[in-house]
Peer 1: 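First the structure, then my questions, so here it is.
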Amino acid sequence: MCFENLPVEFDEQGNARLKDGVKNPYDYQTRTPEEREARLKDLAGRNGQLVDIDYDPVTRVAGALAFHTTVDLEQGVVLDTNSMATLFRGYEVILRGRDPRDAAFISSRACGVCGGVHSTASALSIEMALGIRPPPLGIVVRNLLLSCEYLYDNPLHLFVLAGPDFSESLVRQTNPEIWDKAEGAATRHKDLHGYATIGAILHDLNPLTGKLYLEALQMTRVAREAYVLLGGKYPHPETIIPGGVTTFVDITVLNEFYMKMVKFFDYAKKCVGLWDDVFDFFLEADPRYLDCGRLDATMVDLGQWDHEDHYDATYANCNDWGVKRWSTPGVLVGGKLVTNRLTDINVGLEEFVEHSYYEQWEDYPFKTDPAGNPLSPNHPWNKTTIPRPGSQNWKERYSWATTPTWDRRTFEAGAYARVYLSAVSGKLPPSPFVESTGQSLRLRVARGEALPERTFEWSPPLVWNAFERNRARAYAVAFNLMVTMENLTRAMELVKAGETRVATPFEIPPEGHAIGVGFWGAGRGFLSHHCEIRDGLLANYQIVTPSTINACPRTPWGEPGPYERSVLNTTIVESNFKDDSDFQGIDILRAIRSFDPCMPCTTHVMVEGSDRVVTREVTTCACGID
Amino acid sequence: MPAASTDPARGARAARAARAARAARAVVGVVGFTPVVADFPLGPRLMAGLEARLPGHPQVSVRNMSWSPIHIVQQFQDLGADRPARIVLVGAAATCARAGRIRVWRWTGGRLPDAAVQARVYEAVTGVVDLENTLMIGERFGIWPAECYTVEVELPPETFGTMVMAEAEARPGPALRAEIGFDPGAAADRLASRAAGLAIRGDAARAVAAKGARDLAPVASFHRTRVTGTKTRRHS
């Protein structure tokens, strides 16, 4: 029984149904934050230290995320937060009425960072709707491409985006007392990274000049090069299609790919050692850091990396092939695993727009999913995207992100969710490279150019916070790498066995009605594409991205989104300021950045009025360039 | 040969283009190219205009530089000694005072605080293509030759979207020109003319105004949020 809030129960066969006697099963009470605002006004009147700060933009692309915070500097606490996505994406509108074969190419442009994951999620969605099962080699190559994206994305975040927040230059400025400790603090993993003191690591995290920063830029390049070997180009590959891939694969190509991966063997070890040392240091240096971005570990992941022996693209079997993936789908509520079934995840998914710039839709075409499980009117298959631009109002509408919930809870998405759920589920297929114990994730990282083979083990922490998100992301680099090795081995075996087919041909039926969903993941977690195909055209298309999930505004019943809640829980440890004029807000930024915000995923193009497309001219995204 | 390339001729063409680019003494790099709208000042008409003006000048090549500035840095680092001696970057100006105006600058470089450059790197590695980000990040990593120019067109904020919708709705040219306040096709032609001229001849007379790091528009918030309370400060 995984649902506590939705009136859904299960029969003995595990089929979901609505509970009897519930008159309006999907009703909910809306609540405006007026009480909160009144309280803040009262506090502001009595306390001169109350400061409103807008962090705008919070890194990652064109200021598409803005974050409003109210801080009590004297008490060192955050009183109020609002996360805003400031641009409209609109791909759901663009895709309506198009040929399903266009979806992978068009939806790919939803993000200039995760340039291939949308293609794959879209392909999976169309495959399910039209009953297309890719050949084994097509599935495995798709997995390898995904791994490259993760190997590009996670180190980039750790060292180039989040890393500067922990660098010498920043820590000296905001917390000189922490820097003093860092200079003399010995590391525990010198054998992995070569640094004797924490201070030396923080020095090399300095943006633009630090060795670790510059090294990460080079490593992201290696990952992109590996992607291009198999995918032809990155971002926005044109080789990912429903039914598989269009790339040609032979042993030579796979060997070239392997030579790229070899460069990550020692780097993955280094990532684990470095970030274990850095985060252990901070948490020991000041225990108040435990509160930075603290949440209760409620997260959802759809799993990725399909097993070629099990994936058949059907919704009917998705619970079976889902748990055979190389990362396990599932839901954690308060750190407790409540389900691994993709149908449960799908049935519990809803999107709300009470605090977003969208109209509520009226249609409710799918009362159940294809397996007969009940669906909410707010489920993506029932959703219609109707933009309604308007003025910003914290009580009403303030974001272009919607509010996705699972079982009426906001939840986190991230690379860390992939690690966490795979660790506690204990369902990974047997592999010499990765193992889930049910309490931990064991990663056997092969010998590299300088370092011997090492086995790492990630276990869930007692407190889930910004530091642990990033720590799990560092382990995710090794996780990605070893899943890559597993799939590379499989690809080589398939090719040696004479397998050459990488795609299954298909036709779009000119008549008929079908729905599908691509359960997949981006570098920063949960990614779903829900499609409806009617008479050969896309009748509806809905994308739920990780940054929509993490950056969402409040639920209709007043629960803040993950960014908002995590910052509300953050204690201000920053010490080197006199007043708001020199307050940096580094603790708040660390909290938000730990989610790896990627706002182009949430937002891209703004529709103003009814049908006007607007972009920021000077920041033309590489998405559109071939 | 990359596995995904199934067209040998395409691969050969790419190799020839790469060799030509390496051998080029001057490069015209278009930052923010989009193939979507033909007459968009940074669109196909610009590219065609550049190509038309450059026959007989094999030392000049045209490159689409609409990639992350970090990727551009890595591409130029790869060129090593084959880097061009002169580069002309064509793109949208950071600000728009007069729609359609074209201005030419000689880049004089300079430094900004690391935090200011890192703010541009944040954008660069996450998909944003921007002329001034490219300039500053390239400068920070030392990839630009001594002769570096920019040819910038001032575009009102909604130009691209307006042009996309005008094409979709088959709106006549005069109506579009009235709406955006300038003739985009003519702007593309002027951009091509100025960029090609600089690439071929340079600016020996030093007639082009100078622009350095301190002249760049700061990385600014796209969206302004409400600020309330007793004391306020904006962090960007």
Side-chain angles (χ1 to χ4, degrees), chain A residues 44 48 50-57 59-64 66 68 70 84 86-87 111-113 156 160-161 164 169 206-209 217 221 228-232 239 247-250 253 392 579-581 583 585 598 600 611-625, chain B residues 2-6 31-36 42 64 66-68 70-71 73-74 91-94 96 114-115 117-119 121-123 125-133 140 155-162 164-165 220-236:
Chain A
L50 259 190
V51 178
D52 271 22
I53 296 173
D54 285 342
Y55 296 89
D56 184 3
T59 77
R60 298 216 84 151
V61 186
H68 175 98
T70 306
M84 305 166 56
T86 59
L87 294 169
C111 184
V113 186
L156 183 80
V160 181
L161 297 169
S169 57
N206 280 341
L208 300 168
T209 55
L217 288 179
R221 176 184 180 163
V228 171
L229 277 172
L230 287 176
T239 43
T247 192
F248 168 75
V249 181
D250 64 11
V253 170
Q392 176 200 92
D579 53 35
D580 63 288
S581 65
F583 175 64
C598 175
D611 59 359
R612 298 280 298 279
V613 182
V614 180
T615 61
R616 181 184 177 193
E617 304 298 344
V618 294
T619 53
T620 309
C621 185
C623 306
I625 306 303
Chain B
S5 176
T6 54
V31 181
F33 169 78
T34 172
V36 175
L42 301 173
N64 177 4
S66 307
W67 300 98
S68 158
I70 292 293
H71 300 180
V73 165
Q74 292 175 339
C96 176
D114 282 355
V117 181
Q118 173 64 12
V121 172
Y122 279 136
E123 294 193 345
V125 297
T126 51
V128 173
V129 175
D130 170 75
L131 178 63
E132 292 198 344
N133 283 359
R140 188 66 178 73
L155 302 177
E158 299 179 15
T159 303
F160 178 72
T162 305
V164 169
M165 293 312 296
S221 164
F222 176 79
H223 188 89
R224 301 292 174 192
T225 54
R226 186 182 60 153
V227 179
T228 59
T230 54
K231 298 175 182 177
T232 59
R233 185 185 175 208
R234 174 171 298 279
H235 289 234
S236 294

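In what follows, every chain begins at residue 1, and chains take the letters A, B, ... in the order their sequences are listed. Only heavy atoms go into these numbers, but all of them, side chains included; no hydrogens, no water, no symmetry mates.
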Peer 1: Would the distance check show the side chain of B:Gln118 and the main-chain N or O of A:Asn206 forming a donor-acceptor pair, the cut-off being under 3.5 Å?
Peer 2: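 Side chain of B:Gln118 to backbone of A:Asn206: no pair is present.
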Peer 1: Against chain B, label A:Pro207 side chain, backbone, both or neither, depending on which of its atoms sit under 4.5 Å from a heavy atom there.
Peer 2: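 Both parts, heavy atoms under 4.5 Å.
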Peer 1: Shortest non-hydrogen contact from A:Leu208 to B:Asp114?
Peer 2: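 Closest approach of A:Leu208 to B:Asp114: CD1-O, 3.4 Å.
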Peer 1: If you tally heavy-atom pairs under 4.5 Å against chain A, which of B:Arg140, B:His71, B:Gln74 wins?
Peer 2: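 The answer is B:Gln74.
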Peer 1: For a quick test of reading the model, state the closest non-hydrogen atom pair linking B:Tyr122 to A:Val160 and the distance between them.
Peer 2: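 So the two residues come closest at CE2-O, 3.7 Å.
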